[in-house]
Amino acid sequence: MKHLFLVILGISLLSSCIGTDIVEETEVLEQVIISSNISSIKIGEEAQMEAFFTNKYGITEDQQIVWSTSTPDVISISVNGLAKGLQQGEAIIEGRVGDVIGKRTIQVSQDGGSNTMTSTRSGTFMSAGAGSYTVAGDVMVVTEGGKSKIVVSDNFKSSIGPSLYLMLTNHTNGSYMVMNNNPVVNGTSAQISNARLTKFSGSMTWEVPSVVDVKSYKYVLLYCTLGPVFGYAELK
Amino acid sequence: MKYLFIFILSICQFSMVNAQAWTKPKGEGFYKLDYTLIHTNQVFDPGGEVVPFRTLGNHTFSFYGERGITDKFTIQAYIPFLVRNVLNETKGAQSGTILEPGIAHNNFGDVDIAFRYALPFGKLPVSATLLLGLPTGNSTQDSGLFTGDGEFNQMIKLSTGFGKTKWWTQFGVGFNHRTQGFSNEIRYDGEFGYKLFNEKLLAMFKLSGIESMNNGTEGASSTGLFSNNVEYLSPGLEFLYYVKQNYGVSFRAAGAVKGQNVLAAPSFSLGIFMQ
């Protein structure tokens with residue numbers, strides 16, 4: 001009896017360790033993602049620009065960012081990315097790693113005014129083909145005054161999932177990074193919902209974290225961290 | 001995800017308390033320590049299709065006991081005193097980067113207490129069982145690796161059977177009422193057992209299943225893939241080998257030939273029992 005108990009204990013200990021699942025990755029464009037949510041500054045005001053480089057698998061790599069400005073008379077920028085408004089106007093700040101460039105347009109004004117630019121991209125969810133999991137309905141990505149949000153319409157409906165997250169992505173194969181209450185942003189995907197979804201139909205809105213440049217992503221996608229992509233909408 | 005884990009709990013519990021047309025004679029008991037393992041990367045989705053899944057492992061250490069209070073009244077308890085749920089990490093094949101870390105949680109599971117009473121139906125053994133599913137497990141972890149469903153369920157079940165010296169068979173069907181917006185269920189099972197080697201080995205073929213009434217709320221379903229609207233049809237084999245007259249070892253293997261919101265994988269159990 002004692003030996004049997006030890007055998008059972010041994011089997012349970014050996015089989016209960018965390019293993020590794022290998023996931024095929026899809027190549028994406030290398031990017032410099034400017035993560036500073038700055039779209040306007042005052043004359044004389046300084047702002048620290050931040051950016052990171054993501055490789056062809058969307059993974060963040062530690063690379064030196066080379067900063068430059070399109071209009072040095074309007075905004076100056078130091079080698080460390082410290083930008084300063086010099087006179088009223090508009091400048092494009094670039095962060096570069098080799099041939100890969102990330103850009104951010106910044107307006108300079110007397111009072112620091114607000115960015116009134118508005119852009120909208122939209123799409124319709126389709127199921128990803130994982131079993132009988134389905135997603136349908138319309139979605140919009142709206143950017144106003146430098147802030148973005150994702151809005152799903154009344155006709156939105158998804159299969160119920162235990163660990164379902166809303167993402168912005170550049171492909172639909174499911175090799176994403178997700179962290180509960182600490183959204184992960186890289187060149188493959190940007191986690192939008194902080195925690196797993198608990199509502200699966202009807203109109204809903206998510207604020208996009210300020211570090212996410214929505215223009216860098218092609219899809220809005222519902223991903224179950226346990227495995228399948230439920231569905232996605234290509235943004236146009 | 002009261003994940004598979006609730007499914008596992010369901011199937012374990014059901015295997016423990018299934019059939020049982022007969023009550024225990026007064027003062028007699030049966031007690032078992034059990035280790036159950038399920039390890040898989042496939043599930044039956046809500047439409048019954050098998051889809052790939054991140055690899056999950058469930059390890060349940062449990063105690064099961066039943067004792068005759070009178071010749072016609074038996075109490076039962078199923079206590080999963082340690083449930084370990086393990087979710088594999090994911091790693092990019094090309095980049096070699098860990099995409100999502102693995103997760104492991106250990107906790108107490110949901111306890112079942114049942115009361116079985118022999119009904120007066122002539123020579124045919126018929127029993128009625130009231131099973132109470134207590135929400136003693138954990139159902140709040142962010143990861144969803146729950147060890148309990150967080151609801152108090154009550155099942156009424158009727159069982160009957162018949163047998164000869166060497167063999168027996170029994171059947172049961174029950175209605176499981178679930179709270180907190182979970183769907184009610186019809187649970188059923190059957191068993192055929194045979195005694196071998198001078199009754200030192202009991203071999204049993206079991207068939208058990210759950211049919212969900214799918215009348216729960218969205219909120220309950222969202223708490224876990226395997227917590228609500230679970231369905232399966234599970235055949236299994238169990239062997240009890242008596243090392244001595246009053247104790248022995250057990251082995252059980254069960255799978256699901258059809259399912260909904262459950263793992264598409266067999267479960268294996270090893271245990272020691274005494275009576």
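Keep in mind that what you see is a predicted model, and the values were worked out from it rather than measured. Here is how names work: the chains are called A, B, and so on, in the same order as the sequence lines, proteins then strands, and each is numbered from 1.
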Checklist line | Side chain / backbone / both / neither for B/Thr97 at chain A, heavy atoms under 4.5 Å | finding: side chain

Taking [atom1] in [X] as the centre, count heavy atoms belonging to other residues, nucleotides or ligands within less than 6.0 Å. Is the count above 12?
| X | atom1 | result |
| --- | --- | --- |
| A/Lys103 | NZ | no |
| B/Lys195 | NZ | yes |
| B/Asn246 | CG | yes |
| A/Ile18 | CD1 | yes |
| B/Lys258 | NZ | yes |

Next item on the list: Answer yes or no: is there a side-chain heavy-atom contact under 4.5 Å between A/Leu226 and B/Leu87?
Entry: yes

Item checked: Min side-chain heavy-atom separation A/Thr225-B/Glu100 under 4.5 Å -> yes

Check: Which heavy-atom pair separates A/Thr20 from B/Glu89 by the least distance, and what is that distance?
Finding: OG1-OE2, 2.6 Å

Item checked: Side chain / backbone / both / neither for A/Ile59 at chain B, heavy atoms under 4.5 Å -> side chain

Note to self: Is A/Ser175 close to chain B through its backbone or its side chain, or both, or neither, when contacts mean heavy atoms under 4.5 Å?
What the structure shows: both

Item checked: Donor-acceptor contact below 3.5 Å, side chain A/Asp21 vs main chain B/Thr55 -> yes

Item checked: Straight-line distance of A/Phe230 CZ to B/Asp45 CG, nearest 0.5 Å -> 8.5 Å

Check: Between CD of A/Glu25 and CG of B/Leu99, what distance do you get to the nearest 0.5 Å?
Finding: 5.5 Å

Next item on the list: Against chain A, work out which of B/Pro52, B/Ala93, B/Gly102, B/Ala104 has the most heavy-atom pairs shorter than 4.5 Å and name it.
Entry: B/Ala93

Notebook entry, point to check: Got a sec, which residues hit salt bridge (charged side-chain N to carboxylate O under 4.0 Å, His left out) with B/Arg67, two or more places apart in sequence or on another chain?
Noted result: none

Check: Taking A/Ser132, A/Gly227, A/Ala195, A/Pro228 one by one, which has the highest count of heavy-atom pairs under 4.5 Å against chain B?
Finding: A/Ser132

Checklist line | Partner set under ring pair (Phe, Tyr, Trp, His ring centres under 6.0 Å) for A/Tyr219, not counting sequence neighbours | finding: A/Tyr232

Check: Do B/Gln94 and A/Glu24 have side-chain N/O donor and acceptor atoms under 3.5 Å apart?
Finding: yes

